[in-house]
Amino acid sequence: MGLLEEAQRVAAEFEYSAEDVNKGVKEFIRQMDEGLEKTGATMSQIPTYVTAVPNGTEKGLYMAVDLGGTNFRVCSIQLHGNSTFSLTQSKVAIPRELMVAKTSKELFSFLAQQIAEFLKQHHNEHYHSSVRRRATVSQPGGFTEEEIFSLGFTFSFPVHQVGINKGTLIRWTKGFDIPDAVGKDVCQLLQDEIDALHLPVKVAALVNDTVGTLMARSYTSPGKTGTLLGAIFGTGTNGAYVEKLDKVKKLATTEEGGDVDKTTGEMIINTEWGSFDNQLSVLPDTPYDRSLDAESVNPGIQMFEKRISGMFLGEILRRALIKMIKDPEVPLFSDENSSNNDVHSTTCLAHNSPLFEQWGLDTSFLSITAGDSGPGLKVTRQTLDKEYGVSAASSEDAHAVKLIASAVGKRAARLAAVAIGGIVLATNKLAAPKDIATADNETVNEDEIVDIGVDGSLVEFYPDFEEYIREALRETEGIGAHGEKRIRIGIAKDGSGVGAALIALVADKVAKSDA
Ligand code: BGC
């Protein structure tokens, strides 16, 4: 079989038709409802106790930290109160060994040290005066609460939230695995390590990155209709949206339900859609998805995430390529690249290529090939050479790789549309506003807009990710071409930092009004 023909066959395994999208959306809505009714459903639908989104007038200086993907970020955010903010940040890659540390203390003390470094570097005066004043805590006029930074903790894993700065870890995702932390209050774990270093910081709010994204988008682009959804398509994937309180039926049956602020009649729900359809009733399943899952740290969970997000797409592609490389009938990366069947003696693939290692192929490679349309796919070939030990990839090799990579990326985007479409339909946001007499097919009024904030490396860097999502939304019953035009998708850059600051601000207000 010719190389391109074989590549097309493999690419076809990733096709996700309009019919699949529609089936997916229906099931997504069903599982959303199930999650709102009971705890322990596949889609957790976690109540966040955040009952309002900001309007852009919020002000103050806050700190935020963000743990949840490849990097740990520490930042301070000055909210100016006019929908703008200034942000200072530092970022470190989280060492792989800490993601699977023996004890949670190892990870959390590392985080506290990063906060200390940040304070020394960017708020040196505050840091030293506070440490000095701490020594005077027992004297009148000594250390006071005002010296303390309120910190929003963006912790992007499924957490059972029981208060604005209290929540227990349900399970790890995205390659983290520290069993000792499961069931513990992650705010307390961080606060203990902050206190051990005597830092002037109080963990005031616990925030999922999707909630932060939704808050940040609402702060920076307050519109007539408000933002409906904050979604992350990065290392992992997830979404948080504004739900009607009376639809969150399980609140009535839980102990905490009584404490809910009912003024807005709404609450932000963290869907944890990464675990949509873990039972695979509608999700596509190729041999590459199956082996990826079987060899992951959490087989059988986050099945939707494992088909969509940046942590996994490179690995799916790698597995598809390895199957071809190992097939003596398929001349991929063969030096002669002809009909020569004896690939192994003529391969241009180094024996120690990262392609042979689990996680060896980075998802950024999918973005690189998707963006490469130059003659002979030179950039793809260069990357294969530099990063993946393929010394003389032919342009046919590069085309074969690009075909499969695009199929994996496109399927991910169409699955992302299932989640977005599901939420837009479940919340009935496309029902025409009463005061709009005619909804013609061409123009969209400002009050017809359904606003969505997104963040993450895939939406930001994968060319056409949004366009593929839009194509699938147009194919979705109940949305169609006009509905798709009404959906505005905007990047909420630094969403998790600003969003966490905004929630820390709300928490501060609540604490002061309770005092
Ligand atoms: C986590 C979510 C998070 C998402 C995006 C998922 O693996 O379970 O809590 O929002 O990744 O970071």
Side-chain angles (χ1 to χ4, degrees), residues 31-32 35 41-48 50 64-73 91 94 99-100 152-161 167-178 181-182 186-187 205-217 229-241 268-278 292-293 296-313 315 359 363 412 415-416 419-420 423 452-462 465 491-497 499-500 503:
Q31 293 189 25
M32 275 176 80
T42 15
M43 234 158 92
S44 303
Q45 296 280 66
I46 301 169
T48 61
V50 178
V65 294
D66 181 356
L67 176 73
T70 321
N71 297 308
F72 179 64
R73 293 199 309 154
K91 190 162 93 173
I94 302 160
M99 297 181 177
V100 291
F153 182 16
T154 302
F155 181 76
S156 305
F157 300 93
V159 161
H160 174 60
Q161 195 142 3
T168 55
L169 176 63
I170 301 173
R171 60 174 181 276
W172 288 107
T173 59
K174 295 174 283 200
F176 280 73
D177 186 22
I178 310 169
V182 175
V186 292
C187 284
L206 175 62
V207 187
N208 187 267
D209 53 355
T210 57
V211 180
T213 300
L214 173 54
M215 300 296 274
R217 175 83 188 163
L229 167 66
I232 300 281
F233 300 104
T235 309
T237 183
N238 186 19
Y241 71 105
I268 296 175
I269 299 293
N270 167 13
T271 64
E272 285 297 336
W273 72 37
S275 263
F276 163 57
D277 201 30
N278 280 347
L292 177 151
D293 177 53
S296 68
V297 290
N298 53 357
I301 54 175
Q302 300 294 105
M303 299 304 253
F304 193 52
E305 175 164 274
K306 283 175 180 155
R307 284 150 178 78
I308 296 185
S309 74
M311 168 142 189
F312 305 99
L313 297 188
E315 179 64 9
W359 312 119
T363 297
L415 285 166
I420 294 177
I423 287 183
I452 293 175
V454 292
D455 199 2
S457 45
L458 272 180
V459 266
E460 208 183 337
F461 302 122
Y462 190 90
F465 199 76
I491 291 268
K493 203 70 210 99
D494 297 321
S496 47
I503 299 181

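If you read the sequence from its start, that first residue is 1, and numbering goes on from there. Whatever order the structure lists ligands and atoms in, that order sets their numbers, starting from 1. Quick note: numbers below take in every heavy atom, side chains included, and nothing from hydrogens, waters or symmetry partners. Bear in mind the structure is a predicted one, so any value in this text is a computation, not a measurement.
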Next item on the list: Look at atom 11 (O) of ligand 1 and say which protein heavy atom is nearest, naming residue and atom and giving the distance to 0.1 Å.
Entry: K174 NZ, 2.9 Å
Notebook entry, point to check: How far is atom 1 (C) of ligand 1 from its nearest protein heavy atom, and which residue and atom name does that atom have?
Noted result: S156 O, 3.4 Å
For residues [X] and [Y], determine if any side-chain heavy atom of one lies less than 4.5 Å from a side-chain heavy atom of the other.
| X | Y | result |
| --- | --- | --- |
| I423 | T271 | yes |
| Q161 | N270 | no |
| D177 | N298 | no |

Numbering the atoms of ligand 1 from 1, which are under 4.0 Å from a heavy atom of [X]?
| X | answer |
| --- | --- |
| N238 | 2 (C), 3 (C), 4 (C), 9 (O), 10 (O) |
| E272 | 1 (C), 2 (C), 8 (O), 9 (O) |
| T173 | 1 (C), 6 (C), 7 (O), 8 (O) |

Do any N or O atoms from the side chain of [X] and from the backbone of [Y] form a donor-acceptor pair under 3.5 angstrom?
| X | Y | result |
| --- | --- | --- |
| W273 | F304 | no |
| T210 | A231 | no |
| D66 | F155 | no |

Notebook entry, point to check: Any non-hydrogen atom of Q302 lying under 4.0 Å from ligand 1?
Noted result: yes
Next item on the list: State if P158 counts as touching ligand 1 under the rule of any non-hydrogen atom under 4.0 Å.
Entry: yes
Item checked: Side chain, backbone, both or neither: N208 near ligand 1, heavy atoms under 4.0 Å -> side chain
Next item on the list: Using distance alone, decide if ligand 1 has a nitrogen or oxygen within less than 3.5 Å of any nitrogen or oxygen in E305.
Entry: yes
Next item on the list: Show your reasoning for whether salt bridge (Lys or Arg N to Asp or Glu O under 4.0 Å) applies to K306 and E315.
Entry: CA-CA 10 Å; K306 283 175 180 155; E315 179 64 9; over 6 Å; no
Check: Heavy-atom distance to atom 5 (C) of ligand 1: which of T213, D209, T210, T271 wins?
Finding: D209
